[in-house]
Amino acid sequence: MTPSQKSVVLQNIIYPKKTVCKEENLYFRKIGIPVAPNINGFPMEFVKNQRVNFDTYFNSFSLLKWHKYAAIDNVQLKLKLKGTFVVQLIHYTLEVNDHLAWNIIGEHTVSSRDAPTDFSFEFITQNPFGMLAFTLRAEEDNSIFYGGCFTSNVIESRIRNIKIGLGICTYKRETYIKNNMENMTNIILNNNDSILKDKIEVFISDNAQTLTNDMFRSDSIHVFKNKNTGGSGGFTRTMIEVNKANLNGAGFTHILLMDDDIVFDPESIYRTYTMLSLVTEEYEESFIGGAMFFVDKEYVQHASGEYWHGYRYDSFITTYNTGLDMRDLKNIARNEFLTNANYQAWWYCAIPLTICKFDNLGLPLFIKSDDIEYSVRNLKNLILLNGVAVWHEAFESKYSVSNEYYTVRNYLITASIHRIKLTPKDIKKFIKNYTIHYLRNFKYLEIEMFYKGLRDFLRGVDYLKSIDPEAYHKEIMKKSYKMQDVADLEFPFTESLYHTTLAKQSPKSKLRRFLRKITLNGQLLPSQKVIALGVWGGTAAQTYKAKYIIRFEPRTKKAFVLERDLKKFIKSIIDYRKIIKEVDRDFIAAREDFRKRSQELTNFEFWQQKL
């Protein structure tokens, strides 16, 4: 290593934590004798012939992405060991035929019986594809692994000076906030041994105004009482406060937006920081995103990058690598592939402050599509790394009628601003399809909110500017269902009823399909039939001739009941005819209004009046 170079830790070898994630196989795989490691951290004790593989989601190393974005030309594996170990360094690639190829690129026996010793193995990135991982096999009892890391020798002049403002928008999520901030305080903010100390500060927009600064043990955590302007207003408040801090010389280079109802390991922030500090000039304005996993199934990845199509309301998002079991080695390698993702959700999204400025803030969308619109407006490249992730509650457990209002309104605003070629004919087609879907599922409240969202879009920019988001949201939230424990429902419920309903298939007989059509899927026929479905949807076959639908949420075991109502059905048809006429009259004018005037909604002067 020359004097002009510095050894930089790219990522640390980490372990399961009770307060973060207990799924062991995301961190290491024990082979042979099942000796339990300390879940609170290293050291990890081995007995003779025990082997542990670290070819996992959190402890493998991405050669492709580090080489592409940081252009490092060397990688070292550094381990602290005592006793006798055989160390193997392995290179993995997933080939086009979905075959996982691997080869051992180094094997060493390390022995140190009296005191821990540092072992280092260098890998020159002649084949900068796939990923690296290592295995340890003990050759004698009482062999101990004290931890390790992947490092690189980097020319010091290439290391950027990075400082991150972590922006969190919260509304009555005190438990999550306190737990996460306690972790951050112990591991980073108040830890003199952490490289990130004084490189991270936290900016919390408290939309419920229930938090105070004195609840936290670090002066690097700042709480700002904010009006309930939703996620868009809360996250925008953190953008503003980080930029304000820079006016006073704080020196922040990036803002890292994070949801309030997540669990995360501070190592994700370290890996983000390190990549930002080494990123090449070509990628210096990249966003860095974190994958999302489920808190109740810690090994299931919901998303690692997403693509907004924009041209179809019913399927405008592609989510990459969704539903993957990330304990599977092949899925870890699959996750390494580059995607054409063009947006990153704000559950974990690092944005350069050269982009996120006073004149380039979020849109006032309250919830839904605010992160999509900001990414489509600004994202040049998205960096995604295995091991940078959060755990989040499943979206099914957050069902709300108000989502129908925000989803359609905000989708149309976003599509208009970004010049998606939507015409009144396109809009009328998806209004028809969604109305049929809602009617079939007895979702009369959803129809009402859907049409309200459409009408508010048609009113244009001035109407959106005039809304008091806090008061308006309270009005919208009055339309809702009461979730109950299934035991408290007025109808007997069994999960077998739920699975039986889901299994219903469309009839093959043309006559039966015709009869269903002329009876409006059985809604004109007398019936007391009770079925059970999920909270979101249901096909014509599943809902045929139903009188009551139990809307069941399997994760929470809660439900609500919807009843077929002919009067509401007729009213919805009348409202449908009205909204179609309004679209013919006003859609093009509204589309052009948002297209031409959107910058009036994304600057500091506008937001100053709202927050």
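Residue numbers run from 1 in the order of the sequence given.
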Mind checking what makes salt bridge (Lys or Arg N to Asp or Glu O under 4.0 Å) contact with Glu267, not counting sequence neighbours?
-> Arg271
Test: [X] and [Y] ion pair at under 4.0 Å:
{"X": "Asp118", "Y": "Lys78", "result": "no"}
{"X": "Lys297", "Y": "Asp325", "result": "no"}
{"X": "Lys178", "Y": "Glu182", "result": "no"}
{"X": "Asp328", "Y": "Lys330", "result": "no"}

Decide side chain to side chain donor-acceptor pair (under 3.5 Å) for Thr319 and Glu306; before the verdict, give the C-alpha distance in whole Å, the side-chain angles of both, and the deciding distance to 0.1 Å.
-> CA-CA 5 Å; Thr319 300; Glu306 297 181 272; 2.8 Å; yes
Distance-only polar pair, side chains of Thr354 and Glu285, donor-acceptor under 3.5 Å | yes
Do the non-hydrogen side-chain atoms of Ile317 and Ile372 ever get within less than 4.5 Å of each other?
-> yes
May I ask you to test the Val75-Ser152 pair for a side-chain heavy-atom distance under 4.5 Å?
-> no
Can the ring centroids of Phe42 and Phe145 be said to lie less than 6.0 angstrom from one another?
-> yes
Can you tell me if CG on Asp359 sees more than 12 non-hydrogen neighbours from other groups inside 6.0 Å?
-> yes
Kindly assign one of parallel, tilted or perpendicular to the pair Phe54 and Phe134, based on the angle between their ring planes and the thresholds 30° and 60°.
-> parallel
Please say whether the positively charged group of Lys17, taken as NZ for Lys or CZ for Arg, lies over the ring of Tyr15, i.e. under 6.0 angstrom from the six-membered ring centre and within 45 degrees of the axis.
-> yes
So which heavy atom on [X] is nearest to which on [Y], and how close?
{"X": "Met258", "Y": "Phe235", "answer": "O-CE2, 3.4 Å"}
{"X": "Ile31", "Y": "Gln50", "answer": "O-CG, 4.0 Å"}
{"X": "Ala291", "Y": "Tyr57", "answer": "CB-OH, 3.7 Å"}
{"X": "Asn331", "Y": "Met326", "answer": "O-CE, 3.6 Å"}
{"X": "Ile13", "Y": "Asn59", "answer": "CA-OD1, 3.3 Å"}

Intermediate values then yes/no, side chain to side chain donor-acceptor pair (under 3.5 Å), Asn226 and Asn207 | CA-CA 5 Å; Asn226 202 51; Asn207 284 12; 3.2 Å; yes
Sequence neighbours left out, what passes ring-ring contact (aromatic ring centres under 6.0 Å, His included) with Phe337? Give chain and number order.
-> none
Residues passing the ring-ring contact (aromatic ring centres under 6.0 Å, His included) test with Phe216, sequence neighbours excluded, are none
